[in-house]
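Proteins get letters first, then strands, A, B, ... in listed order; numbering begins at 1 in each. Here the structure is a predicted model, which is why all the values come from computation and not from measurement.
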Amino acid sequence: MSSYYLVKREELNAVRMEVDTFNLAHTVESAQPLTFIGDYTNDTVRYPAGMDYIKVRHTGTVEHGELSASCFDRDLAKRELRRRFRLDDNMQYIYKKINTDRHLDASIKRYMGMRLTLNEPWETTVCFIISQFNNVKRIRSIVKDLMNRYGSDIVDENGNTVGKSFPKSTDLIGATKKELMECGTGFRAKYIMHAADYCTNNISLDKLNPHDYYGLKETLMEIDGVGEKVADCIILMGYGNLNAFPIDVHIKRAMEKLYFEGKKKRLKDINEIADRMWGSYKGYAQQYLFHNSRAGDLNDA
DNA sequence: ACCCAGGCGGGCG
DNA sequence: CGCCCGCATGGG
């Protein structure tokens, strides 16, 4: 039975790491890794990583606990945890940097241990193209449909299918507009088609320099459907560059309310004040503000 | 019936 | 430039 092999697989390939200042539920609920499937009652999450399927579990307290991951490749699991959940971030230091006022202080206290995640550039690009003018629940649904239709089967060592991979750009090149519409992509179908073509034939997302904020932004915005905000999301969550400060409707409203007495401001002004307050850590500030401003929003599951 | 959702591209003044 | 509009779709 497949369940037997899954148990065995987990026993054989489980990797454990100690982790401080970590909250898995907040990290997943903040809806940045849109391919993640969370099971909060067991404090676990599972998601595809390349042609592997990872299941992560957090035990212990937020202050000090343990992360365990199981997948086919033990070394991959170890690298995955560190990289994907940014375990090398010194959260106490980062909190010191972004805790500039009572708003950030409250958000940090509320979501203590929430991490940014670092995801694959291509997956991040597709997910955030889909995110535009959309809500999180539907974004997740669309991403899931795309994976089911265009992803490859992920199989364990016994040939049992355990999930679907995230489709590569080459997997999506053959997609027709009709098919993409059936996945619920709507008017974004043409963007996905262009992105698949452009990222296969014109640019190589994996070769871009994560540290070159402006260079990244310029290149990413060559893709149809990628503007300022989506580019910043990709730079932050696909390249791990904390200089990015994506300004969506939630952040815009929150920033105007908190720092401009509720007055309407241009994106440029909001970005400037973010830079003054949080400098090269503003990506983390954004994440805490974003999640806080979405609190009580039950639109996503 | 309306409104909104992690915006973007295109067109116009 | 800055502003404004349409855009697919599903859930409040």
Electrostatic pair A/Arg86:A/Asp89 at N-O distance under 4.0 angstrom: yes

Salt bridge check, A/Glu66 against A/Arg16: does any charged N sit closer than 4.0 Å to a carboxylate O?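 Answer for the salt bridge query: yes.
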
Please state whether the phosphate of C/dG11, meaning OP1 or OP2, lies under 4.0 angstrom from any side-chain nitrogen or oxygen of A/Arg138.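 Answer no for this pair, as no side-chain N or O of A/Arg138 is under 4.0 Å from OP1 or OP2.
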
Students often get this wrong, so: under 4.0 angstrom with heavy atoms, is [X] touching a base, only sugar-phosphate, or nothing?
X: A/Gln287; result: nothing
X: A/Met237; result: base
X: A/Gln32; result: base

Would you mind reading off the distance between [X] atom [atom1] and [N] atom [atom2], rounded to a whole angstrom?
X: A/Lys217; N: B/dC8; atom1: NZ; atom2: P; result: 9 Å
X: A/Arg253; N: B/dG7; atom1: CZ; atom2: C1'; result: 13 Å
X: A/Glu228; N: C/dC1; atom1: CD; atom2: P; result: 12 Å
X: A/Leu267; N: C/dC4; atom1: CG; atom2: P; result: 14 Å
X: A/Asp145; N: C/dG10; atom1: CG; atom2: P; result: 11 Å
X: A/Ile139; N: B/dC8; atom1: CD1; atom2: P; result: 12 Å
X: A/Phe128; N: B/dC8; atom1: CZ; atom2: C1'; result: 16 Å
X: A/Gln132; N: C/dG10; atom1: CD; atom2: P; result: 17 Å

Could you go step by step and tell me if A/Tyr281 and A/Tyr95 meet the side chain to side chain contact (heavy atoms under 4.5 Å, CB included) rule? CA-CA 9 Å; A/Tyr281 291 91; A/Tyr95 288 155; over 6 Å; no

Using the [atom1] atom on both, measure [N] against [M] and round to a whole Å.
N: C/dG10; M: B/dC8; atom1: P; answer: 22 Å
N: C/dG2; M: B/dG6; atom1: C1'; answer: 23 Å
N: C/dC5; M: B/dC3; atom1: P; answer: 14 Å

Pair A/Asp156, A/Tyr53: side-chain N/O donor-acceptor within cut-off below 3.5 Å: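 The criterion, which ignores hydrogens and geometry beyond distance, is not satisfied for A/Tyr53 and A/Asp156.
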
Hey, which of these two, A/Val226 or A/Ser131, hits DNA chain B nearer its 5' end, going by closest nucleotide? A/Ser131

Please verify the inter-ring angle class for A/Tyr198 with A/His194; under 30° counts as parallel, over 60° as perpendicular, anything in between as tilted.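 Taking A/His194 first and then A/Tyr198, their aromatic rings lie parallel (interplane angle under 30°).
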
Taking a pair as Watson-Crick or G-U wobble with both distances under 3.5 Å, which nucleotide is matched to C/dC1?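 Pairing partner: B/dG13.
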
Side chain of A/Gln32, backbone of A/Met237: donor and acceptor closer than 3.5 Å? no

A/Arg115 side chain vs A/Met91 backbone, donor-acceptor pair below 3.5 Å: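 No, because the side chain of A/Arg115 does not come within donor-acceptor range (under 3.5 Å) of the backbone of A/Met91.
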
For DNA chain B, which residues of residues 174-196 of chain A approach it to below 4.0 angstrom with any heavy atom? A/Phe187, A/Tyr191

Give a yes/no verdict on base stacking between C/dC7 and A/Phe133: centres under 5.5 Å, planes within less than 30° of parallel.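 According to the criterion (under 5.5 Å, under 30°), yes, A/Phe133 stacks.
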
Yes or no on side chain to side chain contact (heavy atoms under 4.5 Å, CB included) for A/Phe36 and A/Thr27, after CA distance, side-chain angles and deciding distance? CA-CA 10 Å; A/Phe36 283 22; A/Thr27 300; 5.8 Å; no

